[in-house]
S.K.: 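This structure is in C-alpha cells; I'll ask about it shortly.
Quick note on labels: first sequence line is chain A, next is B, and so on, each numbered from 1. The model shown is predicted, which means the values in this text are computed figures rather than measured ones.
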Amino acid sequence: MKDTLMRWKLPIICFIWQLAMIILFGVFIRYDEEANAHWNVIRRIRNITSALENDFYFRYPSFQDVHVMVFVGFGFLMTFLKRYGFGSVGFNFLIASFSIQWALLMQGWFHSLDFSDGKIKIGLESLINADFSAASVAIAFGAVIGKVSPIQLLIMSLFQVTLYAVNEFIILTVLGAKDAGGAMVIHVFGAYFGLTITRILYRTNLDQTKNESVYHSDLFAMIGTLYLWLFWPSFNSAISNHGDAQHRAVINTYCSLASSVLIAIAISSLLEKKGKIDMVHVQNATLAGGVALGTAAEMMLTPYGSLIVGVLSGAVSTLGFIYLSPLLEKYLKIQDTCGIHNLHGMPGVMGAIVGAVTAAAATEGVYGREGLIEAFGFEGRFADRTPSVQGGYQAAALCVTLLLSVGGGAVVGFILKLPFWGDPSDENCFEDEVYWKVPVDEEAPLRNVHYENNELKKPNSNGDTQQ
Amino acid sequence: MKDTLMRWKLPIICFIWQLAMIILFGVFIRYDEEANAHWNVIRRIRNITSALENDFYFRYPSFQDVHVMVFVGFGFLMTFLKRYGFGSVGFNFLIASFSIQWALLMQGWFHSLDFSDGKIKIGLESLINADFSAASVAIAFGAVIGKVSPIQLLIMSLFQVTLYAVNEFIILTVLGAKDAGGAMVIHVFGAYFGLTITRILYRTNLDQTKNESVYHSDLFAMIGTLYLWLFWPSFNSAISNHGDAQHRAVINTYCSLASSVLIAIAISSLLEKKGKIDMVHVQNATLAGGVALGTAAEMMLTPYGSLIVGVLSGAVSTLGFIYLSPLLEKYLKIQDTCGIHNLHGMPGVMGAIVGAVTAAAATEGVYGREGLIEAFGFEGRFADRTPSVQGGYQAAALCVTLLLSVGGGAVVGFILKLPFWGDPSDENCFEDEVYWKVPVDEEAPLRNVHYENNELKKPNSNGDTQQ
Amino acid sequence: MKDTLMRWKLPIICFIWQLAMIILFGVFIRYDEEANAHWNVIRRIRNITSALENDFYFRYPSFQDVHVMVFVGFGFLMTFLKRYGFGSVGFNFLIASFSIQWALLMQGWFHSLDFSDGKIKIGLESLINADFSAASVAIAFGAVIGKVSPIQLLIMSLFQVTLYAVNEFIILTVLGAKDAGGAMVIHVFGAYFGLTITRILYRTNLDQTKNESVYHSDLFAMIGTLYLWLFWPSFNSAISNHGDAQHRAVINTYCSLASSVLIAIAISSLLEKKGKIDMVHVQNATLAGGVALGTAAEMMLTPYGSLIVGVLSGAVSTLGFIYLSPLLEKYLKIQDTCGIHNLHGMPGVMGAIVGAVTAAAATEGVYGREGLIEAFGFEGRFADRTPSVQGGYQAAALCVTLLLSVGGGAVVGFILKLPFWGDPSDENCFEDEVYWKVPVDEEAPLRNVHYENNELKKPNSNGDTQQ
C-alpha cells in the first residue's frame, strides 16, 4: 500500500526550491553586457556600428526552436502513453521549468562567473545552455516516466542538473572537447543517468499493458516527434560559432535526419509482423540522426558523411527497439519506458565516436589553418593541439561522461528508492489518475467504468480512488 | 426559442466588412519605406551599408512567434471545452483574421498616418501591433466563448479593436507610458472588456456541466498553453528597442514564466482534493508570469525580480481559479468561461503596477544617463520627465485602461444583448453543433446518441438538430 | 485480392534509394562558401566586416517556418481522415524525407553545379528549395492519399521531384519568370500532377464513407491548417531578395490570408445546410490566399490588392469544394481526397495569372528604375525586357507548368497502375491498418470490433487482418 498523496510534500518542495532560486538569483545573477542598459555605451566604446551585432540576433531563432523542442518536443513525444498524457506534458513542464532555473546557476558558477564582482552574467546563450540541461533531464525522464512521483522527478532534476554542469565543465573546459549539439553532455549523459536510475527502481510486477498507446495518443506523440525532428538543426547549431559553423551544422543535421527516416521505416517494415510499420520506430528512431550528429554537426563532415551517420544511427536505433530493449529488460532489469537507450544512449555514443573520428581526421587542407583553429579552439591553453590529439580528448570526454552518468545515476537511484517519495504502486504505474485530477468523460462511459472499478480502487486503498 | 440560423446574417456581415476593408486599405494603406521597392535607393541616400539593416531582420522571428501565439496559442488553449473545439479554434481564427485587418487601419490612423500624403505606411511592426490587438480580442473571447454567436464575436471585435487603438493612443502617445508587452493595452484591456460583456450577457440557466474538459481535449489545450508559454518572451520583446532591450525582455520573461510553473503546480496540489494537480491551473496559471511582465520586461527588473513577479502572479492566478472565480460568478454574476480574470485580469493589473514601480525606481546608476533616456523615451515632449514622474504616468495609464475597458465593455455588452444576433439558448451553450457541421462518429455511437436524443433536439426546435 | 504485404518491397526500395543518395551525395554535393570552414578567409578577402552577412542569418527563420509547413503543416492537415492519421503524418514524413534528398541533387544539377569542379554547392537556400520540392510532393499526395501504397508514393516522389526540377529550370532559368512563392512551380505543378495520377488510378468502388473525419481528427487537422496559414508569409518570402522584397512578401501574404478566412467562412455558412460552417472549408479554403500570392507576393501588389486576391481565391476555393469537386469526381472520375484542386490547383492558376498581370503592370514610377531591375531581374540576358514582356513570359511559364504536370502525371500514373506495387483493395482504402501496426484500444471496444469483424477480415484475406 503506497501513499501517493502529494498534498504537502509536493507543494513544500516546490515552494522551498523556488524560494532558494529567488535568493540565489538575487545574490548571483545579473544581465550580461549585451542585455544591459549600458549596451549602447559599450557599443560606442567598442566601435560596434550596428544594433544587430548583439548575440541576440545571431541566436534568438535557434533559441526559440530549442525551447520548443524541450517543452513541446519532449513533452508530447511521451504522450504516446495512453493514460499518462497529463503526466507526460505536465511533469515535463514542471521539471524543465525547475531545471532551467537551477541550470542558470550551476552553469553560471562554472562558466560565466565574473570573479571581479562575484556575479554570474547571463545572456541568450545562457538560456540556450539552460534549455540544453533541461533536455538532458527530459531524456532521463523518458526512462522513469510513469513509475515515479513528481517529487522524485524534482529531486532527480536537482541532482542531474548539478552533475550535468560538472560533466560539462570537465569535458568542455578542462579537456577542451567540442560538443556543440551535446551528443555527450546531453544525450549520453541523460540516457545513462536515467537508465541507471530506472535499473535501481526496478519493479517486478509492472503492468506492461498500460505502457502502450492508443490511436489518438500516437498522433499526439507525432507532434512531439516532428518538432524535435524539424528543430534539431537548430539544436545542433544553436551555440556553434557565428557564421559558417552554424550554417554547416544546420546542413549536416538536415541531411542526417532525412536519411534516418527512410532507414527507420525500412527496418520497421522489414522486421515487424506482416511488414507493417510500427509507430514506435517512426516516433523515435527517425530522430537518431540528430543525436548522432550532436558532436560533429559543426565540423566539415560533408553532407554525404551526414547521410551515412543518419543511416547507421537510424538502423541501430530501430534494431535496438526491436531486439535490444526486451533483452535489457529481461536480463539487466532495465525498464526503459520510452526506449531512451535506443534514441539517446546508443546514437549518443555513436555521435561521440563520430565526433572523435571527424576531429582526428581534420586537416588544414579541408579547414584552412585559420578555420582549424577556430573550429576546434586551438588557442590559448590548447594552442599546441593537433587534430589527432583532439580526437583523443574527444574519446576521453565520452568515457568521463559515461562514468559520471552511471555513477551519478546510481547514487541518485538509491536516494529515489527511499520509501517516502510517494511513487505509485506497481499496478498504478502509467496512470494519470494517481497525481492528476482526471475529468470524467460521460460520453465514453466504458473508459470511466474501467478506471473506477478495476484499477485505482482495487489494489491500493490510499484514498486515491474517488474522483 | 432562439434563432441561431447563420445562413444570411453571418455571410452578409463577413462580406460587408471584408469589402469595407478592401476599400479602406485601397484609400489609406501603403508599404512603409523598408518594404517599398525604393528601399535600395533610400539605403544609398542614408548610407546604410547592409541589407540586414531593415527592421524585418530585427523583428521577423518575434513576429512569427506572436503570430503563432494569437492563432495556435489562444485558439488551442480554449479547446479544453469538450464540445467546443471547432468553435475555439475556428471562431478565434475568424475574429483574429478580421481584427488584424481592422487594427492595421485603426492603429495606422493613430500612429503611422503620414499627414503629407494622407496614407498609412505599414511594415513589420504594424503587423505585430495588429496581432497584439487580435490577442486582446482573443482574451475577451475567452470570457464569452460558448455563449455567443459568431456575429456577436465579429461585432465585439470591431468595437474592441477600435477602442484598443484609442486606449493605446492615450496611454502610449499622450501619457507617454511604456507597455511593450501590453500588460495594460492587451491584457488588462482585453480582460475587463470581456468580463464586462459577459456580465451583461449573464445567463441564469447556463448548463455548467458542458463547460468542462475530457481527457483528450485537455491535451489539445496543452498545445495552446505551451506555445503561449514558449513564445511569451517574443511577445514581450517584439516591439522593444533594438539591441539590449529586446535581449533583456526575453531573459526577464523566461525567468518569470519558469517560476510561475512551479508555483501554479504547488498551489494546485496544495488546495485541490486529495492533492491532485488540476490541469486548469497548469493550462492557465503557468502563463501568469508572462502577463505580469508585460510592462516591465524590457526594464532593468533583474532576473531575480522577474522570478518574484512570476511567483506572485502564478500564485494570484491559481488562487483566483480556486477561490475567486466561483465568487465572481455567484455574487457578481460574471460567467468567465476560460477564467480570463485569473490569467489576464489580475496578472495584468499586477504587471501594470510592477511596471510603474520599476519605472519609478529607475536610476542613472543602473541604466546610465543614455540608457535611461532610451529605455523610457525621455526625449522631445518627455525630455523633462524623471523616473518617479514616469511611474506616476504608468499608474495613470492603468486607470485609463480600466475605465475605458469597463466603459467600452458596458456599451458593447448592451449592443450584444439585442435579441437578433443569433446567440444560442442556455442549454445549447458550449455546443459546436449549433454553428458547425459536426461529423458523425460511427465508432463512438454513444457520443452521437447523446447529441441526437438529449440536447439539441429537445430544448430548442429551431431546426438545428438534424445533421 | 490484393497483396499489400510491404515486408520486402518497401525496405528494399528504401535501402536502395538511400544508398543511391549516399553515393550521389559523395560524388556531387559539397558545402557552399558560406557554410565552408574557409568562410572567414573569404570574408576577409571580400571585406565583409560582419559575421551576420551570411545568408544563414537572412533566411534561417524563414527556412524553419517552411520546414514546419512541409512536415507538420501538410502532415497534420491530412489527419482529418478518421482512420488514416498514421498514414497522413507518417507517409508524408517518409516521402518528404526522401524528396528533400533527391531535390538537393536534381535542383543542384540544374542550378548550383559548379562546372569548374563538377560539384554542387549547397547552402541554406538549397535546403529551402528542397523543402519547396517536398511541398509539391505533399500536395500531390493529398490527391492520392489513402488509395496508394508507400512504395507507390516513393516512386511518385522520385519522378515528381525530377520533373519539378526540370520545370523549375525551364520557367525560372530559361524563361526568366518570377515565382518566389511557387504558385506555379509548387502549387500548380503539384496539384495537376497529383490530379492526373489520381484520375488514372480511378477506383470504381471506393468506399467514400471512410474518406471522412471525426471530431478529434478535425482538430488534429486544424494544427496543420494553422501552421500552414501562419507560416505562409515565410513561404512566400523565403527566397525573395534580401531587404524590402522579403519584407513586402510577408505583408502581402499576411493581408491576403486574413481576407481568405472571412470569405471561406462566409461562403461555407451561406451554402452549407442550415447555415452551419463546414470544417473542410476552414481547414483548406482559408489557405487559398497564400497560394494565390505565390508569384506576386514580392511584387508591389499593394496591401489592398492582396486583400482582393485573398477574397477571390478564398471564394473560388470554397465554391470548388462545394460544387466543383463532386462534378470532377462524377464526370471526370477524379477522386481528389483532400481537395487539392480547390486549395492548390485553382488558386495556383489564379496566382500565376495575378503574377503575370502584376508584372505586366509594373512601372518605373512604382518601383523606381533600380527597383524594377532588381525585382524582375532585368539584367544580363534579360536586360532588355519590359514589364509587359515579362508578363508574357509569366503566362508562358504557367502553360509550360500545366503541360509538364499533366503530361508527367500521366506517365507516372500509368507506372503506378502496374499491379505489383501493393496498393490496397477498394474496401481497404483510407485504412491505416493495411500498412501500419495499429494499437488495440481496450477502452473503445466498439472501434476494435469494427475493425476486426467488418473490414479488414472480410474482403481481402491476404493475411493483413490479425494484429
S.K.: Is it the side chain or the backbone of C:E53 that comes within 4.5 Å of chain B heavy atoms, both, or neither?
M.R.: both
S.K.: Which residue out of B:I13, B:N40, B:L24 racks up the most heavy-atom pairs below 4.5 Å with chain C?
M.R.: B:N40
S.K.: Do B:K210 and B:E431 have side chains that approach each other closer than 4.5 Å (heavy atoms only, starting at C-beta)?
M.R.: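 Touching, per the 4.5 Å side-chain cut-off.
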S.K.: Should C:E272 and B:K437 count as an ion pair when the cut-off is N to O under 4.0 Å?
M.R.: yes
S.K.: Please look at B:D131 and chain C and tell me whether the side chain, the backbone, both or neither of the residue comes under 4.5 angstrom of a heavy atom of that chain.
M.R.: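 B:D131 touches chain C through backbone and side-chain heavy atoms alike.
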S.K.: Quick one: closest heavy-atom pair of B:P439 and C:Y215, and the distance?
M.R.: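 Where B:P439 meets C:Y215 most closely, the heavy atoms are CG-N, 3.8 Å.
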S.K.: For chain B, which candidate among C:V282, C:D278, C:L271, C:L219 shows the most heavy-atom pairs at distances under 4.5 Å?
M.R.: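 Looking at each option in turn, the highest pair count goes to C:L219.
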S.K.: Kindly give the heavy-atom pair with the smallest separation between B:I100 and B:A134, and that separation in Å.
M.R.: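 Shortest heavy-atom contact: CG2-CB, 3.8 Å.
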S.K.: Between B:W8, B:Y435, B:F93, which has the largest tally of heavy atom pairs under 4.5 Å with chain C?
M.R.: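 Result: the option with the highest number of such pairs is B:F93.
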S.K.: Tell me, side chain or backbone of C:I223 under 4.5 Å from chain B's heavy atoms, or both, or neither?
M.R.: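 Contact with chain B is through both the backbone and side chain of C:I223.
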S.K.: Would you please say whether a donor-acceptor pair under 3.5 Å links the side chains of C:Y367 and C:E374?
M.R.: no
S.K.: For C:Y254 and C:W232, run ring pair (Phe, Tyr, Trp, His ring centres under 6.0 Å): C-alpha distance rounded to whole Å, both residues' side-chain angles, the deciding distance at 0.1 Å, then the answer.
M.R.: CA-CA 8 Å; C:Y254 178 93; C:W232 218 294; over 10 Å; no
S.K.: Taking every non-hydrogen pair under 4.5 Å, which of C:S268, C:P233, C:C255 racks up the most with chain B?
M.R.: C:P233
S.K.: May I ask you to check whether C:Y60 and C:N54 show a side-chain donor-acceptor distance below 3.5 Å?
M.R.: no
S.K.: Check whether C:S260 gets within reach of chain B through its side chain, its backbone, both or neither, counting any heavy atom under 4.5 Å.
M.R.: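 For C:S260, no heavy atom lies under 4.5 Å from chain B.
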S.K.: Counting C-beta onward and ignoring hydrogens, is there a side-chain heavy-atom pair between B:L105 and B:M21 closer than 4.5 Å?
M.R.: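 A side-chain contact under 4.5 Å exists here.
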S.K.: For chain B, which candidate among C:S259, C:P61, C:G371, C:A245 shows the most heavy-atom pairs at distances under 4.5 Å?
M.R.: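 That would be C:S259.
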S.K.: Name the region of B:F71, side chain, backbone, both or neither, that has any atom closer than 4.5 Å to a heavy atom of chain C.
M.R.: both
S.K.: Where does C:F231 contact chain B at under 4.5 Å (heavy atoms): side chain, backbone, both or neither?
M.R.: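 Both parts, backbone and side chain.
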S.K.: Using a 6.0 Å cut-off, check whether atom CZ of B:F28 has over 12 heavy atoms from anything other than its own residue.
M.R.: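 Enclosed: over 12 neighbouring heavy atoms sit under 6.0 Å from CZ of B:F28.
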S.K.: Is C:D432 salt-bridged to C:R83, cutoff N-O under 4.0 Å?
M.R.: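 No salt bridge links C:D432 with C:R83.
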S.K.: Hey, which of C:L307, C:I265, C:V280, C:T225 has the most heavy atom pairs under 4.5 Å with chain B?
M.R.: C:L307
S.K.: Under 4.5 Å heavy-atom distance to chain B, tell me which part of C:V366 shows up: side chain, backbone, both or neither.
M.R.: backbone
S.K.: Consider only side-chain N and O atoms of C:S213 and C:D218, and report whether a donor and an acceptor are under 3.5 Å apart.
M.R.: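 Yes, side-chain donor-acceptor contact under 3.5 Å.
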S.K.: For B:F220, which atoms come within 4.5 Å of any heavy atom of chain C: side chain, backbone, both, or neither?
M.R.: side chain
S.K.: Which one, B:L94, B:L154, B:D55, B:L52, leads in non-hydrogen pairs under 4.5 Å with chain C?
M.R.: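 Looking at each option in turn, the highest pair count goes to B:L52.
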S.K.: Is B:E34 in contact with chain C via its backbone, its side chain, both, or neither, using a 4.5 Å heavy-atom distance?
M.R.: both
S.K.: Let me know if C:V311 has heavy atoms under 4.5 Å from chain B in its side chain, its backbone, both or neither.
M.R.: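 Contact with chain B involves the side chain of C:V311 alone.
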S.K.: Return yes if a side-chain donor-acceptor contact under 3.5 Å exists between C:E298 and C:Q246, otherwise no.
M.R.: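 The answer is no; no qualifying pair exists.
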S.K.: Apply side chain to side chain contact (heavy atoms under 4.5 Å, CB included) to the pair B:D32 and B:I122, showing each step before the final yes or no.
M.R.: CA-CA 5 Å; B:D32 75 7; B:I122 64 169; 6.0 Å; no
S.K.: Which residues in residues 234-242 of chain C have any heavy atom lying under 4.5 Å from a heavy atom of chain B?
M.R.: C:S234, C:H242
S.K.: Between C:R59 and C:E125, is the salt bridge (Lys or Arg N to Asp or Glu O under 4.0 Å) condition met? List the steps.
M.R.: CA-CA 8 Å; C:R59 305 205 185 276; C:E125 195 168 335; 3.8 Å; yes
